[in-house]
Amino acid sequence: WQQLREPYEEFKAEWPTVVMVHGWNGLQQTGIPDWQTEIAAELLARYEAKINILSWDWMSLAYPLEEARARTPDQAMALARKLKALFAAKKYPAERVVHFMGHSLGVFVATLAADYLGRELLAGDYTRKADQLTLWDPDDIPTGVEIRDAVVRMRQAGTYVDLYAGVTTKYLHNANA
């Protein structure tokens, strides 16, 4: 699996795609979080390694908390643009599965990116519906960022949205870091 950076040599248009987005970087870590590596290993095993697993790395911008919250819309748009370019370059078929996964502040980035991809906000004629959106432990709502309407739009378009809240508390948020 790979981070979402060019060249996209390992990306296969015939495989389903998972896009993972981490959240707030309270410990100021670098690199891909452990939870993404663990989920990627499970997915690779389940799909017999025939799956595209992409990671959106915004670690350096996901700290401090208030600044990270303010950056979520811009990160979502940047992610959507990267995915749009990747899918166009690889001629990724509309019938292929795209599953977004986000944790904490990554919930907002993943949700808005999936919504942007499926709407006309991006220049050009390409739109791509997310098939599934998995959201873990959404952070408190960042100021000025609203995902409710985006989730409603995606559900109406047939996106399956699952939300897991309360898996961690603010005191255990980095328990596995």
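Just so it is clear, the structure is predicted and the values come from calculations on it, not from any experiment. Values reported hereafter were calculated over all heavy atoms of this structure, with side chains retained and with hydrogens, waters and symmetry mates removed.
Nearest heavy-atom pair across Trp24 and Ala62 is CD1-O, 3.1 Å. Pairing each heavy atom of Gln36 with each of Ser55, the nearest pair is OE1-OG, 2.9 Å. Here the closest non-hydrogen pair linking Tyr63 and Asn25 is CD1-O, 3.2 Å. Among all heavy-atom pairs drawn from Ala76 and Leu112, the shortest one is CB-CB, 3.4 Å. The minimum heavy-atom distance between Leu86 and Leu54, with the atom names listed, is CD2-CD1, 3.6 Å. In terms of heavy atoms, Ala113 sits closest to Ala80 at O-CB, 3.7 Å.
A donor-acceptor distance shorter than 3.5 angstrom exists from the side chain of Tyr92 to the backbone of Thr17, with no hydrogens or angles considered. Judged by distance alone, with hydrogens and angles left aside, the side-chain atoms of Glu48 form no donor-acceptor pair with the main-chain N or O of Lys50 at under 3.5 Å. For the pair Thr111 (side chain) and Phe108 (backbone), a donor-acceptor distance under 3.5 Å is absent. Without hydrogens or angle criteria, Asp115 side chain to Leu117 main chain gives no donor-acceptor distance under 3.5 Å.
For the pair Leu65/Leu105, a side-chain contact is recorded, criterion being any heavy-atom separation below 4.5 Å from C-beta on. No side-chain heavy atom of Trp56 sits less than 4.5 Å from a side-chain heavy atom of Leu83. Counting heavy atoms from C-beta on, the side chains of Val18 and Met101 come closer than 4.5 Å. In this structure, Phe100 and Asp131 have side chains that are not in contact, with every pair of non-hydrogen atoms separated by 4.5 Å or more. A 4.5 Å side-chain heavy-atom check between Leu79 and Tyr116 finds every atom pair outside the cut-off.
Ring centers of Trp35 and His22: at least 6.0 Å apart, outside the cut-off.
For the side chain to side chain donor-acceptor pair (under 3.5 Å) test, residues two or more places apart in sequence or in another chain that qualify with Glu67 are Arg71.
Val19 is not connected to Trp15 by any chain of hydrophobic side-chain contacts under 4.5 Å among Ile, Leu, Val, Met, Phe, Trp and Tyr, and they are in different clusters. Transitive grouping of hydrophobic side chains (ILVMFWY, heavy atoms separated by less than 4.5 Å) brings Val98 and Met77 into a common cluster. Criterion: ILVMFWY side-chain heavy atoms under 4.5 Å apart, direct or through other members. Under it, Phe87 and Val97 are not part of a common hydrophobic cluster. Transitive grouping of hydrophobic side chains (ILVMFWY, heavy atoms separated by less than 4.5 Å) keeps Val152 and Leu133 in distinct clusters.
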Can you list, pair by pair, the side-chain donor-acceptor contacts under 3.5 Å of residues 155-163, counting residues two or more places apart and other chains?
unit_1 : atom_1 : unit_2 : atom_2 : d
Thr159 : OG1    : Ala130 : O      : 2.4
Thr159 : OG1    : Met154 : O      : 3.3
Asp162 : OD1    : Thr134 : OG1    : 2.8
Asp162 : OD2    : Thr134 : OG1    : 3.4
Asp162 : OD2    : Tyr164 : OH     : 3.3

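The distance from the CD atom of Glu14 to the CG atom of Asn52 is 8.0 Å, given to the nearest 0.5 Å. Going from atom CZ of Arg46 over to atom CD1 of Ile51 covers 10.0 Å, rounded to the nearest 0.5 Å.
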